[in-house]
Amino acid sequence: MEKFIVKGRKTLSGKVRISGSKNSAVALLPAAVMTSEMVTLENLPDITDVRTMINILENLGVSIRRRGRDTIELKPGNLTKIAPAYDLVKKMRASYYFMGSLLGRFGQAEVPIPGGCDLGPRPIDQHLKGFTALGADINIEHGMIKLSAKKLTGARIYFDVVSIGATINLMLAAAAAEGKTILENVAKEPEIVDLANFLNAMGASVKGAGTDVIRIEGVKNFNGAVHSVIPDRIEAGTFMMAAASTGGKITVEDVIPKHLEAITAKIIEIGGKVEVEPESITVEYVSPLVPSDLKTFPYPGFPTDLQPPGMVLLTAAKGLSVITENVFDGRFNHVDELKRMGARIKVEGRTALIEGGVPLSGAPVTATDLRSGAALIIAALTADGESQISAVEHVDRGYDKFEQKLIELGAEIYRTSDDGILNLHSG
Ligand code: EPU
């Protein structure tokens with residue numbers, strides 16, 4: 001098991017290039033099987049989730065060739081299997097996007113019931129309701145979701161909850177259905193727009209992505225395409241929070257500032273200085289931080305994925321702050337770990353009360369999921385003394401070269417395993 005050892009009281013400063021979006025990449029890769037022609041995906045982040053997704057594709061029979069650091073070519077022409085391998089699928093929730101893409105291409109898919117990060121209950125009722133509306137039969141047997149349809153037919157589907165996953169799965173299946181599909185109350189995240197652009201480049205007709213209603217005219221054949229993944233707004237937001245939390249100054253480069261508006265607004269409200277350029281944002285700590293209320297919402301609201309780093313930032317603001325988690329029922333697993341570091345936080349249902357301004361002290365803590373892991377690393381950088389963060393495999397799932405990027409910004413962070421220290425350079 002690998003751990004991070006993090007030395008505290010470090011101010012992070014400098015520039016960091018933001019990688020391609022994890023949550024786009026893990027949707028675009030399964031979408032590539034909609035065509036039998038060659039697809040080139042550029043700006044893919046080098047993270048475990050993308051490697052797992054590539055392994056699933058190879059296991060299904062897709063030929064994959066790497067071209068440079070962040071580009072791959074996929075040839076899904078030989079793909080014949082409709083059941084991604086359980087051992088790979090269980091590693092990541094997004095593998096359930098093969099339900100939509102394989103159902104679209106072959107009229108059949110068999111995908112294990114998804115797991116994923118423990119953020120509380122994560123039902124998939126909206127996905128299944130949508131597939132049924134398009135005419136698919138669904139059987140759940142022995143832990144597998146088996147979908148089949150002689151013909152998928154376009155339909156009007158109103159989602160009861162705004163779900164990124166359900167929106168993506170239904171975009172995939174509807175893109176290949178006969179006739180028109182209208183998806184209402186859909187997710188509006190930039191990753192949804194990225195997927196729509198990719199599908200359209202492959203010959204689909206998807207309109208309205210980024211609004212509440214997506215209109216899709218199904219097509220029979222999909223062609224090959226070249227597509228570049230959008231920048232990861234959550235990775236960017238994590239470094240922006242790290243700048244303000246550690247009292248430093250960080251420029252996140254190669255970002256789309258529009259995607260980060262909720263985060264820049266919140267950092268300014270908490271007392272950080274933010275300068276926005278066309279493709280970069282600089283966050284600087286200038287004066288004592290002030291407490292604030294933070295509420296997570298679907299895009300364009302403040303993202304739930306930045307709630308854990310946001311909580312760390314608020315522990316540094318003297319006074320009482322309130323965080324309300326509106327997206328997931330159980331996304332406060334990081335609170336107990338932050339308390340080990342001396343944070344004063346009380347959770348009542350979906351609300352966390354933070355008494356900020358109490359200095360944190362280094363401690364052994366455990367990453368409970370991807371974003372809690374990132375938050376604990378930032379907390380450890382601000383704390384007095386040394387921290388040990390276990391279960392770093394969560395962080396590797398979604399942050400491209402996180403510790404190298406932190407080291408370049410001045411962090412002192414070591415990856416250790418039972419065999420000893422794995423990285424020896426630090427800033
Ligand atoms: N929901 C339902 N029924 C459904 C689907 C969702 O009730 O059929 C509920 C969920 O329980 C949740 C809410 O709807 O309360 C939103 O869930 P959503 O489906 O939007 O989340 P997701 O697609 O499972 C994606 C990201 C998560 C991110 C959430 C929210 C990917 C691969 N995952 O998950 O990212 O937290 O949207 O923004 O895109 C992460 O990157 O660390 C991560 C967990």
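Here, residue 1 is the first one in the sequence, and each next residue gets the next number. Every number for a ligand or one of its atoms is a count from 1 in the order of the listing.
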For this session: Below 4.0 angstrom from a heavy atom of Arg93, which ligand 1 atoms are there? Numbered from 1 as shown, please.
Result: 24 (O)
Problem set entry | Gln126 N/O to ligand 1 N/O under 3.5 Å | yes
Exercise. With backbone taken as N, CA, C and O and side chain as the heavy atoms from C-beta onward, which portion of Pro123 lies under 4.0 Å from ligand 1: side chain, backbone, both, or neither?
Worked result: both
Exercise. At a non-hydrogen distance cut-off of under 4.0 Å, which region of Ile164 contacts ligand 1 (side chain, backbone, both, or neither)?
Worked result: both
Exercise. Taking only heavy atoms of Tyr96, which atoms of ligand 1 are found under 4.0 Å from at least one of them?
Worked result: 23 (O), 24 (O)
Exercise. Under the criterion side chain to side chain donor-acceptor pair (under 3.5 Å), which of Asn197, Asp194, Thr40, Asn200 is the partner of His227?
Worked result: Asp194
Exercise. Are the charged groups of Asp305 and Arg331 less than 4.0 angstrom apart, N to O?
Worked result: yes
Exercise. Out of curiosity, Asp396 CG to Ile47 CD1, how far, rounded to the nearest 0.5 Å?
Worked result: 10.0 Å
For this session: Record the part of Asp305 in heavy-atom contact with ligand 1 below 4.0 Å; permitted values are side chain, backbone, both and neither.
Result: side chain
For this session: Kindly confirm or rule out an N or O of Val26 lying under 3.5 angstrom from an N or O of ligand 1.
Result: no
Exercise. Judging by distance only, is a nitrogen or oxygen of Glu189 under 3.5 angstrom from one on ligand 1?
Worked result: no
Exercise. Is Arg331 touching ligand 1 with its side chain, its backbone, both, or neither, if touching means heavy atoms under 4.0 Å apart?
Worked result: side chain
Problem set entry | Short N-O contact, Asp49 and Lys91, less than 4.0 angstrom | no
Exercise. Which is it for Lys22 and ligand 1 at heavy atoms under 4.0 Å: side chain, backbone, both or neither?
Worked result: side chain
For this session: Using distance alone, determine whether Val161 and ligand 1 share an N or O pair under 3.5 Å.
Result: no
For this session: Salt-bridge test for Lys7 and Glu386: reply yes if a basic N is under 4.0 Å from a carboxylate O, no otherwise.
Result: yes
Exercise. Does Arg233 pair with Glu191 as a salt bridge, N-O distance under 4.0 Å?
Worked result: yes
For this session: Determine, for Lys405 against Glu408, whether the closest basic-nitrogen to carboxylate-oxygen distance falls under 4.0 angstrom.
Result: no
For this session: Would you mind running through ligand 1 and noting each atom that sits below 4.0 Å from a heavy atom of Ile124?
Result: 4 (C), 8 (O)
Exercise. Which atoms of ligand 1 are found less than 4.0 Å from any heavy atom of Leu370?
Worked result: 42 (O)
